[in-house]
Structures are given as C-alpha cells and as structure tokens.
Amino acid sequence: KKMRELFSPRLNDLLYEYLFLYNTNLGNFAFPSNYVSLNTPLPIQTHFSGKDYVQAHFYFHGFPAFFPELLYFCDNKTAFFDLGANMGLVSVGLSKFLPQNHIYAFEALPSTYDRLKNCFAENCPRANCYNIALSSQSGFLTFSIPSSDSGSASANASESTLIDTRSISVTLRKETVPCERFSIFYDRIQKTGALECINRHAFKIDVEGHEPQLLDGMSDYFDCFKGHIMIVVEVRGHTAKKVHGILSSSGFAPMSEITSAASLATDLHDCIYVRAARAD
C-alpha cells in the first residue's frame, strides 16, 4: 500500500519485480485467495501466483482504469467479449453485474487458459471461455512467452522487444497455437441463438501488439452487427494509427481524442471507442 502511495506505477512495478518476481531466495508470497487486489474489494475467489507479473499486478493495483466505463456500459442485454483474457479477472469482475452466460473470454495459451478455466469455475461457472487465438486469418500463430509474465506473451513482438519491456532479461519460450477470425466465431455462436435479443456488445482487446490483425478479423462482424458497441483496446505507439484507422473506417469514434487519435505517440494506452446502434 505504501508503495502505491509513494511511487509512480512503473517504479512500483520495478520494485515488485526485484522483490518478488526475480528473487529466487524469497518463498512464495502469500496472496489472500478471496480478493483480487488490495484496493478492489470484489469477492473474487482465485489462487494467485506471486511469480506471475499479471496476477500480482491485479493484486497490487486493482482493476484497470477502464473498468468503470465498461461497467457503466454493460446491462442485462449486453454481451461481453474478453479478447486476450489471461486469467479472466476483468470478465469475473463484470460477471457480478451482468448475466454470466453473456461473457465470452478468449485465451490463446493453453497454460494460461487453464488458469482462466479455474478462475471461471470458482467465480462465474456459466461464463464461456475458449482456448484459441484471434487474428486476421484462420490458421496458426507462434507466440514468444516470458516465463514470469503471462500477460506479455506476444505473436508480434521480437524476443529483444519482450526483454526490453522488463527490467531484467527473462527466459522465453515459443508456442504455436490455432487461430481464427473473430467474425467466424461470432457467426457460429449467432447461429445457436445464444446472442438473440442482445443488442449491446462490449469488448476488451489486449493481445500485446496483435490488435490490428485481430480487428481485421472482425470486419465481417462490424458489417453485420447493428447494435451499440464499446471497444476497450490496448494500443501502443506502433499500433495506434492502424487501430484508429480500422475502427474509424468501421464507424467508431474515440471517447477521448487525446488518447485515441491517429497521432498517438505513447508507449501504451487503453483506449475506448464507441459506435452507436445502426438502423436496420
């Protein structure tokens, strides 16, 4: 708690990395199992690993800043799609406020997907989760995966880029997984009738630099769905212009011109785009 009060978020992260993530002499840090973080008192039952950066980040910092915007948008006629779900903590948080079976979470890596399934089983067992990557084409993607940061696994970044994002060089491994276009998945689910009478869709997209390719794979969905859409998408300097261009051409507008404009020149931001419902 004092770390959060006294230091910047990035310095907090650096301190955490040296104290817990890479300190082999330190035993497992004891995370309470019934809270996702020290400052987000949602009663979420899950089992944390102090040696995984993403899980510890949620514990120390709580839900991301965009969570209230998602919460405000979602109602009982909203479907939420968590694309790049990791262990599903954002989905679990939203499951306290909208029907569990309206949640669709995707995680590409089998080991992380196992944590997602366990987290859903303990918190929102009727939510849907899928072990598949999403991209512009169906086929396969090869990920570079840091050993202690499941949230930085990327199908786009080079190994040197991944190492540069951490304060210490990390062990990396490669894994190839199946992928498909989101539009294909959406068409398949729509035919089951599961999305009938749902006129609002919310998305959280966090796929570590693969956002433009994922959005390309949503083009048919953007054309066919007429309801209200909110998209929270992680962008960084080299993907911001592509993300903005794809979404603008599909009728979306950024909620904040400062953080979502095509000229965005920042390392990392979660940007929110919205598209109003269209007439039939």
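Residues take their numbers from the sequence shown, with the count starting at 1.
Under the 4.5 Å side-chain heavy-atom criterion for grouping Ile, Leu, Val, Met, Phe, Trp and Tyr, F97 is connected to V92 within one hydrophobic cluster.
For Q100 (side chain) and R126 (main-chain N/O), a donor-acceptor pair under 3.5 Å exists by modelled atom type. A donor-acceptor contact shorter than 3.5 Å is absent between the side chain of S248 and the backbone of G245. A donor-acceptor contact shorter than 3.5 Å is absent between the side chain of N86 and the backbone of G88. Between the side chain of N128 and the backbone N or O of I103, at least one donor-acceptor pair lies under 3.5 Å. Proximity of a side-chain donor or acceptor of S250 to a complementary backbone N or O of I246 within less than 3.5 Å is detected. No donor-acceptor distance shorter than 3.5 angstrom exists from the side chain of S95 to the backbone of C124, with no hydrogens or angles considered.
For the pairing with S135, the side chain to side chain donor-acceptor pair (under 3.5 Å) check across R181, Q213, E180, H210 returns one residue only, H210.
The shortest heavy-atom contact between G93 and I44 is N-CD1, 4.4 Å. Closest of all the heavy-atom pairs between C74 and L98 is CB-CD1, 4.4 Å. Smallest separation of non-hydrogen atoms from L116 and C129: CD2-CB, 3.7 Å. Closest of all the heavy-atom pairs between A105 and S91 is CB-OG, 4.1 Å.
One finds the CZ atom of R200 at 5.0 Å from the CG atom of D75 (value rounded to the nearest 0.5 Å). Between I205 atom CD1 and L247 atom CG the span is 7.0 Å, to the nearest 0.5 Å. Taken to the nearest 0.5 Å, the CG atom of D206 stands 9.0 Å off from the CG atom of D82. Taking CD1 from I198 and CD from Q190, the interatomic distance works out to 10.5 Å, rounded to the nearest 0.5 Å. To the nearest 0.5 angstrom, Y130 atom OH is 13.5 Å from K117 atom NZ. For the atom pair CE (M87) and CD (E107), the distance works out to 11.0 Å, reported to the nearest 0.5 Å.
No hydrogens or angles considered: nothing links the side chains of D114 and S111 as a donor-acceptor pair under 3.5 Å.
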*From CA spacing to verdict: side chain to side chain contact (heavy atoms under 4.5 Å, CB included), L70, L94*: CA-CA 8 Å; L70 276 177; L94 286 175; 4.2 Å; yes

Using the side chain to side chain contact (heavy atoms under 4.5 Å, CB included) rule, take E211 and V235 through it: C-alpha gap first, then chi angles, then the decisive distance, then the call. CA-CA 8 Å; E211 288 80 11; V235 299; 5.8 Å; no

Practice item. Given side chain to side chain contact (heavy atoms under 4.5 Å, CB included), test C271 with V232 step by step and report yes or no. Key: CA-CA 6 Å; C271 299; V232 180; over 6 Å; no

Next item on the list: Could you check L215 against F222 for side chain to side chain contact (heavy atoms under 4.5 Å, CB included), going step by step and ending with a plain yes or no?
Entry: CA-CA 9 Å; L215 290 169; F222 288 147; 4.3 Å; yes

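By the 4.5 Å heavy-atom criterion applied to side chains, Y104 and I189 are counted as neighbours. The shortest side-chain heavy-atom distance between L214 and S136 does not fall under the 4.5 Å cut-off. Residues F203 and I229 form a side-chain contact, since some pair of their non-hydrogen atoms from C-beta on lies under 4.5 Å apart. At a threshold of 4.5 Å between non-hydrogen side-chain atoms, the residues P64 and V90 count as touching. For the pair H102/K77, no side-chain contact is recorded, criterion being any heavy-atom separation below 4.5 Å from C-beta on. For the pair F120/P125, no side-chain contact is recorded, criterion being any heavy-atom separation below 4.5 Å from C-beta on. Annotation: side chain of H244 is in contact with side chain of Y273 (closest heavy-atom distance under 4.5 Å).
Between Y221 and Y186, the ring planes lie perpendicular to each other; the angle is over 60°, past the 30° to 60° tilted range. In this pair, H228 and F73 present their aromatic rings perpendicular. The plane angle is above 60°, beyond the 30 to 60° band. In this pair, F182 and F81 present their aromatic rings perpendicular. The plane angle is above 60°, beyond the 30 to 60° band.
Annotation: K96, atom NZ; neighbour count of heavy atoms from other residues, nucleotides and ligands within 6.0 Å is above 12.
Under the 6.0 Å cut-off for aromatic ring centres, Y113 and F106 do not qualify, their centroids lying 6.0 Å or more apart. In this structure, H201 has its ring center closer than 6.0 angstrom to the ring center of F225.
Every residue meeting the side chain to side chain contact (heavy atoms under 4.5 Å, CB included) condition with A133, not counting sequence neighbours, appears here in chain and number order: A108, L141, F143, V177, C179.
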